[in-house]
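When reading the values below, keep in mind they use all heavy atoms of this one structure, side chains included, and skip hydrogens, waters and symmetry mates. The structure presented is a predicted model; accordingly, all values stated were derived computationally and were not measured. Remember, it's 1-based here, ligands and their atoms both numbered in the order they're listed.
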Amino acid sequence: MADCIFCMIAKKEIPSNIVYEDDRIICFHDLEPQAPVHVLIIPKKHIASLDEVEEDDEELLGYLMTKVKKIAEDLELENGYRLVNNCGEDGMQTVKHLHFHLLGKRKLTWPPG
Ligand code: 5GP
Ligand code: ZN
């Protein structure tokens, strides 16, 4: 999608610090990290939010989930981590391209604010 910042990152039209990439997903460091490790995992396909996922996306999102463990391993999150999706206005989603925050390397509090 034209003026979507994460589509631009996926297409390398704007720079990011990439952790993992293949033909379907890309993972890069968050610009404003909230933990010592804070990366974003996104499908390269533009999906606006978790609430816009369609049946056709089942395989893609299943695929993304199977890569979380590998990315966490690469980032040495052997002590655990948190995967977060903010959806919509009340979920405080700011970038309208589906993304999962992967946070770790500190003890995370619960519940989130
Ligand atoms: P949300 O609030 O939508 O769940 O998360 C959006 C995240 O994207 C935020 O944590 C924010 O710091 C990050 N972010 C926004 N713009 C950019 C950018 O241009 N590059 C990177 N790497 N992260 C960004
Ligand atoms: Zn997009």
Side-chain angles (χ1 to χ4, degrees):
M1 184 180 248
D3 48 3
C4 169
I5 198 151
F6 285 179
C7 281
M8 290 185 218
I9 285 177
K11 288 189 215 145
K12 318 275 174 56
E13 290 169 2
I14 59 171
S16 68
N17 189 350
I18 296 170
V19 170
Y20 174 83
E21 179 179 17
D22 61 33
D23 57 329
R24 285 182 272 182
I25 67 169
I26 185 165
C27 172
F28 51 93
H29 285 275
D30 196 291
L31 208 55
E32 292 179 45
Q34 303 301 316
V37 169
H38 183 179
V39 298
L40 301 170
I41 308 172
I42 72 167
K44 287 187 171 178
K45 175 187 174 187
H46 182 85
I47 301 170
S49 78
L50 204 52
D51 209 43
E52 302 288 329
V53 169
E54 295 179 353
E55 269 183 41
D56 279 356
D57 300 319
E58 183 176 342
E59 202 206 342
L60 172 61
L61 294 187
Y63 176 78
L64 185 153
M65 285 298 156
T66 66
K67 290 294 171 193
V68 172
K69 179 183 164 188
K70 185 221 168 337
I71 293 167
E73 260 170 34
D74 290 351
L75 293 167
E76 301 178 338
L77 299 178
E78 59 284 332
N79 213 36
Y81 52 84
R82 185 172 293 162
L83 190 71
V84 176
N85 172 256
N86 296 325
C87 181
E89 200 182 328
D90 281 0
M92 297 287 282
Q93 180 180 4
T94 58
V95 177
K96 309 294 192 254
H97 179 128
L98 179 62
H99 54 279
F100 296 91
H101 300 253
L102 177 64
L103 301 129
K105 285 279 179 208
R106 73 167 165 85
K107 194 87 176 172
L108 297 157
T109 57
W110 189 263

Item to complete: Run the numbers for me: atoms of ligand 1, each under 4.0 Å from some heavy atom of Met92, listed by number.
Response: 2 (O)
Worksheet, complete the sentence: Rounded to 10°, the ND1/His46 to the Zn ion (ligand 2) to SG/Cys4 angle comes out at 110°
Response to the item:
Taking only non-hydrogen atoms of His99 and a 4.0 Å limit, the atoms of ligand 1 in range are 1 (P), 3 (O), 4 (O), 5 (O), 6 (C)
Practice prompt. Go through ligand 1 atom by atom and flag the ones less than 4.0 Å from a non-hydrogen atom of Gln93.
Written response: 3 (O)
Worksheet item: Taking the side chain as C-beta and beyond, is there a heavy-atom pair between Met8 and His97 under 4.5 Å?
Response: no
Discussion item. Using a 4.0 Å cutoff against the non-hydrogen atoms of Thr94, which atoms of ligand 1 qualify?
Written reply: 1 (P), 2 (O), 3 (O), 5 (O), 6 (C)
Worksheet entry | Side-chain touch Ser49/Leu98, heavy atoms, less than 4.5 angstrom | no
Discussion item. Tell me the protein heavy atom at minimum distance from atom 23 (N) of ligand 1, and give that distance in Å.
Written reply: Leu31 N, 3.3 Å
Worksheet item: Ion pair present between Glu21 and Lys44, side-chain N to carboxylate O less than 4.0 angstrom?
Response: yes
Worksheet item: Can you give the angle His97 ND1 - the Zn ion (ligand 2) - Cys7 SG, rounded to 10°?
Response: 110°
Item to complete: With heavy atoms only and a cut-off of under 4.0 Å, state how Leu40 meets ligand 1: side chain, backbone, both or neither.
Response: side chain
Practice prompt. Note the single closest protein heavy atom to atom 22 (N) of ligand 1, along with its residue, its atom name and the distance in Å.
Written response: His29 O, 2.9 Å
Item to complete: Answer with side chain, backbone, both or neither: which part of His101 has a heavy atom less than 4.0 angstrom from an atom of ligand 1?
Response: side chain
Item to complete: Could you check if a side-chain atom of Lys96 sits within less than 4.5 angstrom of a side-chain atom of Phe6, using non-hydrogen atoms only?
Response: no
Worksheet item: Against heavy atoms of Asn86, which atoms of ligand 1 measure under 4.0 Å?
Response: 1 (P), 2 (O), 4 (O)
Worksheet item: So, are Glu73 and Lys67 salt-bridged, with charged N and O less than 4.0 Å apart?
Response: no
Fill in: Sub-4.0 Å atoms of ligand 1 with respect to non-hydrogen atoms of Ile5
19 (O)
Worksheet item: Of all the heavy atoms in Gln34, does at least one lie under 4.0 Å from an atom in ligand 1?
Response: no
Worksheet item: Between Lys45 and Asp57, is the closest basic N to carboxylate O distance under 4.0 Å?
Response: yes
Practice prompt. Using a strict cut-off of 4.0 Å, indicate which atoms of ligand 1 neighbour a heavy atom of Glu32.
Written response: 12 (O)
Worksheet item: Between the side chain of Arg106 and the main-chain N/O of Val37, is any donor-acceptor distance below 3.5 Å?
Response: no
Discussion item. I want to confirm something. Looking only at heavy atoms, which of Val95, Leu98, Ile18, Asp30 is nearest to atom 10 (O) of ligand 1?
Written reply: Asp30
Discussion item. Using side-chain heavy atoms (C-beta onward) and a distance below 4.5 Å, is Phe28 in contact with Asn17?
Written reply: no
Response to the item:
Among non-hydrogen protein atoms, atom 20 (N) of ligand 1 lies closest to Ile9 CD1, 3.7 Å
Worksheet item: With side chains defined as the heavy atoms from C-beta onward, is the minimum distance between Leu75 and Ile71 less than 4.5 Å?
Response: yes
Worksheet, complete the sentence: Short version for Phe100: what comes under 4.0 Å of ligand 1, heavy atoms counted, is neither
Fill in: Side-chain (Glu54) to main-chain (Asp56) donor-acceptor, under 3.5 angstrom
no
Discussion item. Quick check on side-chain contact (heavy atoms from CB on, under 4.5 Å): which of Leu40, Leu50, Val68 does Phe100 satisfy it with?
Written reply: Leu50
Item to complete: Check each heavy atom of Asn85 against ligand 1 and say whether those closer than 4.0 Å belong to the side chain, the backbone, both or neither.
Response: neither
Worksheet item: Do any nitrogen or oxygen atoms of Ile14 come within less than 3.5 Å of a nitrogen or oxygen of ligand 1?
Response: no
Worksheet item: Are His29 and His38 close enough that a side-chain donor and a side-chain acceptor fall under 3.5 Å?
Response: no
